[in-house]
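Every chain is numbered from 1 and lettered A, B, ... according to where its sequence line falls, protein lines coming before strand lines. Treat the numbers as computed from the prediction; the structure is a model and nothing was measured.
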2 protein chains.
Amino acid sequence: MSEQYVRCEVSCVNEDAVTEVRQVMLDEDVAVSLAELFKALGDPTRVKILFALLTRELCVCDLAALIGVTESAVSHQLRLLRAQKLVKFRREGKNVYYSLDDSHIEELFAQGLEHVTE
Amino acid sequence: MSEQYVRCEVSCVNEDAVTEVRQVMLDEDVAVSLAELFKALGDPTRVKILFALLTRELCVCDLAALIGVTESAVSHQLRLLRAQKLVKFRREGKNVYYSLDDSHIEELFAQGLEHVTE
DNA sequence: TCAACATTTGATCATATGTTCATATATAAT
DNA sequence: ATTATATATGAACATATGATCAAATGTTGA
């Protein structure tokens, strides 16, 4: 319990409200994980990559050409998306084909698009 | 069309795949808006604020006490969430009560939680 | 009007982020 | 083996981000 908590406790805080919400509050680590997931979706390049992969698997070079950035930039972002288990890949000769590794992305994008387009 | 696009065009790019995806690709501004929305959800403090507001409206001081950060930090984050039209507020005396201003947050969190907890 | 309180705002600072460039790795073809 | 191609990686750099502090604003009650 931090200093400002104590300070608030004796001033403006509605204790009942805070207690009520605290019962159902997210655990710290879950909040952090959730934020990391959304952060992974929070960049235009990564949004484009994931949206493109909703249609079909693509190799790094395809994605770079489609989105208009260097292969290096795409590769760096794919690494991050891999770390979040949002994409998976398979190697075929010299190419590496990426595809979605998560069933929630479509719904996340659908909900997100509803928000931004209304 | 950028330099690396031309380079790719004569090398590894699968033109058919890229053309196919390009047909249904997000517009630049929509991709940016979507990324901005997810970026707004991409911070633990903001995740906690929004999650708390799923239960009930709370004033700045309540949120600060609940989450364990200063009122100033909460206020700064609320400003950002307001800009994204994710929260709205009403003034009651000296307090300002915040509540959700978007029907998609619950579903976004539900989908996100499924991803991070599996 | 003044004092106290709740919130907001601006400045500052340390850290995180995203791209680029150069280089390394991996595979294929000659 | 050597070369070319596709991807990955690390360093560097400019920019963005999030918290804190101090100060400003707005509201209430004495």
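Contacts of F51(A) classified as ring-ring contact (aromatic ring centres under 6.0 Å, His included), with partners at least two apart in sequence or in another chain: none. Residues passing the ring-ring contact (aromatic ring centres under 6.0 Å, His included) test with Y97(B): none are found, sequence neighbours excluded. For E57(A), the side-chain hydrogen bond (donor to acceptor under 3.5 Å, both in side chains) test picks out R90(A), with sequence neighbours left out.
Taking atom CG of residue L63(A) and atom P of nucleotide dA6(D), one finds them 14 Å apart after rounding to whole Å. Rounded to a whole Å, the CD atom of E71(B) is 11 Å from the P atom of dT20(D). Taking atom CG of N14(B) as the reference point, atom C1' of dT7(D) lies 17 Å away to the nearest angstrom. The CG atom of D62(A) sits 10 Å away from the P atom of dA6(D) (whole-angstrom rounding). Per the geometry, CG belonging to N95(A) stands 6 Å off C1' belonging to dA6(D), to the nearest Å. The CZ atom of F38(B) sits 22 Å away from the P atom of dA16(D) (whole-angstrom rounding). Put simply, CG on L58(A) is 15 Å from P on dA6(D), counting in whole angstrom units.
Using cut-offs of 30° and 60° on the angle between ring planes, the pair H104(B) and H115(A) is perpendicular.
Within the structure, side-chain hydrogen bond (donor to acceptor under 3.5 Å, both in side chains) contacts touching residues 27-45 of chain A (residues at least two apart or in different chains) are E28(A)-K48(B).
Disulfide status for C12(B) with C59(A): absent, SG atoms not under 2.5 Å apart.
OP1 or OP2 of dA6(C) has not a single side-chain nitrogen or oxygen of Y98(B) nearer than 4.0 Å. In terms of phosphate contacts, R79(B) brings no side-chain nitrogen or oxygen within less than 4.0 Å of OP1 or OP2 of dG18(D).
DNA chain C lies under 4.0 Å from at least one heavy atom of each of the following residues of residues 86-94 of chain A: R91(A), G93(A), K94(A).
The nearest pair of heavy atoms linking G112(A) to L34(B) is C-CD1, 3.4 Å. The two residues A35(B) and P44(A) come nearest to each other via the heavy atoms CB-N, 3.4 Å.
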Contact state string [nucleotides 13-21 of chain C, B base, S sugar-phosphate only, - no protein heavy atom under 4.0 Å]
----SSSBB
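T19(B) contributes a side-chain N or O that, together with a main-chain N or O of E15(B), makes up a donor-acceptor pair within less than 3.5 Å.
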